[in-house]
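Scroll down for the structure; my scribbles are underneath it.
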Amino acid sequence: MSTAVATDARWHLYRLLADPSRLKLLALASEAELSVGELAELSDQTQPNVSRQAAPLRQAGLLTDRRDGTRTFLRLAEGASSDPVVADALREGLRLVDADGSRARVRDVVRARDDKTREYFATAHTDADVEASDLGAYLFALGLLLPRRGMAVDAGTGDGAILEAIAPLFERVIAVDRSERRLGHARARMRLRGYDHVEFVCGEVDSPEMRRKAQGSADVVVAGRMLHHSPVPGETVAALSALLAPGGRLLVVDYGPHGDESFREAEADVWSGFEPRELAEFAQSSGLAGVRVVEIPPGCWPALVKGKGSPSRVPWLALVAEKPRGERDREPQVRAGKARD
């Protein structure tokens, strides 16, 4: 309770609580935090009347208020009922709101707060109703869970599809690709989203420019579906690993083994996917630790159309590994069989 009740003459408190309307207001506010509008509905009064009745209760420290936009919410102040006079007044107020039925309606009034929300989500909304995707905001928030968010490298960024997911997570991002045309699409994506912390490099992941910008300093390196285009995938994984800072992590997403030749023929794929053991060996041979290769759930595999063929579904794999912080971390974590060099 505020010092107003404790220091004012006691007869002020008795006078304040002598009004049945204030007793009811105090009792309803003890049931739940309620807006002035909700209290007006429960007490069958106008909002200005409720505000006038609440003002001296707030000044005396019996009610506390909270602003939410244009609304004011009131609740019984913590510790107010510890005063025996207030406690007795509160009991009388509860008797009054029980008698007029307003106490029983408090739960219904609170529950009605989301009636418009329920109606909104019950209405079918098309993509045209959405002005902007909220994915970026959620990704930025999820990035707060990452232990290190300094710099990421998107290797083989292409048109920037994965870059859109990476950019909100890190303070600095380097996107590298061999195709200047595809980098143009990626730049356009970033301009549209307003991401001005992304740098673009046209070239190989082991080019002098990439070594100058990122070697030994990346917290995360992501290679999304680029390894199957590499003539020597083991060397490519080694080059990606060299970009990592100690403790940095590599993520490779690529195809599992498949027999769909249209993939290789239509888009000049060098390899028709990889065995999990191959990916693991690439990482281990590059000196990475904590190697894990998992199959991405089939429900996440997109139907890919290559050339003029019908949509195909092939398995997707994810390789995760970490740059050792010390010699102890260099011990292999996963056994791998013979793989392509």
Side-chain angles (χ1 to χ4, degrees), residues 136 138-158 160-177 195 197-199 201 204-207 210-228 230 233-256 274-297 300 316-336 339:
Y138 281 111
L139 288 171
F140 177 85
L142 287 171
L144 301 177
L145 299 174
L146 298 176
R148 294 163 49 167
R149 306 176 55 214
M151 186 178 77
V153 172
D154 181 14
T157 193
I162 299 177
L163 191 58
E164 270 196 275
I166 298 173
L169 302 177
F170 292 89
E171 297 171 5
R172 181 188 177 200
V173 180
I174 300 175
V176 55
D177 198 274
Y195 297 142
H197 63 298
V198 179
E199 305 170 45
V201 174
E204 304 291 342
V205 294
D206 59 351
S207 67
M210 281 302 298
R211 288 197 295 270
R212 177 175 56 83
K213 285 179 175 287
Q215 186 152 341
S217 56
D219 296 309
V220 169
V221 172
V222 178
R225 291 194 300 157
M226 58 89 73
L227 201 59
H228 61 270
S230 170
E235 291 182 3
T236 299
V237 172
L240 296 171
S241 303
L243 301 176
L244 293 169
R249 294 182 177 182
L250 171 68
L251 170 63
V252 174
V253 177
D254 221 300
Y255 303 134
F274 301 94
E275 294 285 350
R277 293 169 66 85
E278 292 181 289
L279 293 178
E281 185 168 296
F282 295 154
Q284 290 173 355
S285 298
S286 301
L288 299 181
V291 178
R292 289 189 299 148
V293 180
V294 298
E295 182 178 294
I296 295 174
C300 299
W316 287 44
L317 300 176
L319 160 70
V320 180
E322 182 174 327
K323 185 75 165 284
R325 300 172 188 269
E327 291 302 319
R328 180 179 300 179
D329 294 330
R330 296 182 182 276
E331 298 177 5
Q333 302 294 311
V334 175
R335 293 180 177 271

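Note that the structure is a prediction, hence the values are computed from the model and not measured.
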Could you tell me the separation between the [atom1] atom of [X] and the [atom2] atom of [Y], rounded to the nearest 0.5 Å?
| X | Y | atom1 | atom2 | answer |
| --- | --- | --- | --- | --- |
| Phe140 | Leu169 | CZ | CG | 9.5 Å |
| Gln215 | Asp206 | CD | CG | 9.0 Å |
| Lys323 | Leu288 | NZ | CG | 7.5 Å |
| Leu240 | Leu250 | CG | CG | 6.0 Å |
| Asp177 | Met226 | CG | CE | 8.0 Å |
| Ile166 | Ile174 | CD1 | CD1 | 12.0 Å |

Any [X] side-chain heavy atom under 4.5 Å of [Y] side chain:
| X | Y | answer |
| --- | --- | --- |
| Lys213 | Val176 | no |
| Tyr138 | Pro168 | no |
| Leu319 | Asp254 | no |
| Met210 | Glu204 | no |
| Phe282 | Val252 | no |
| Trp316 | Cys300 | no |
| Leu279 | Leu227 | yes |
| Arg249 | Leu244 | no |

For Arg149 and Leu144, run side-chain contact (heavy atoms from CB on, under 4.5 Å): C-alpha distance rounded to whole Å, both residues' side-chain angles, the deciding distance at 0.1 Å, then the answer. CA-CA 8 Å; Arg149 306 176 55 214; Leu144 301 177; 3.3 Å; yes
Asp219 side chain to Met151 backbone, donor-acceptor under 3.5 Å: yes
Would a distance-only check, ignoring hydrogens and angles, find a side-chain to backbone donor-acceptor pair under 3.5 Å from His228 to Phe274? no
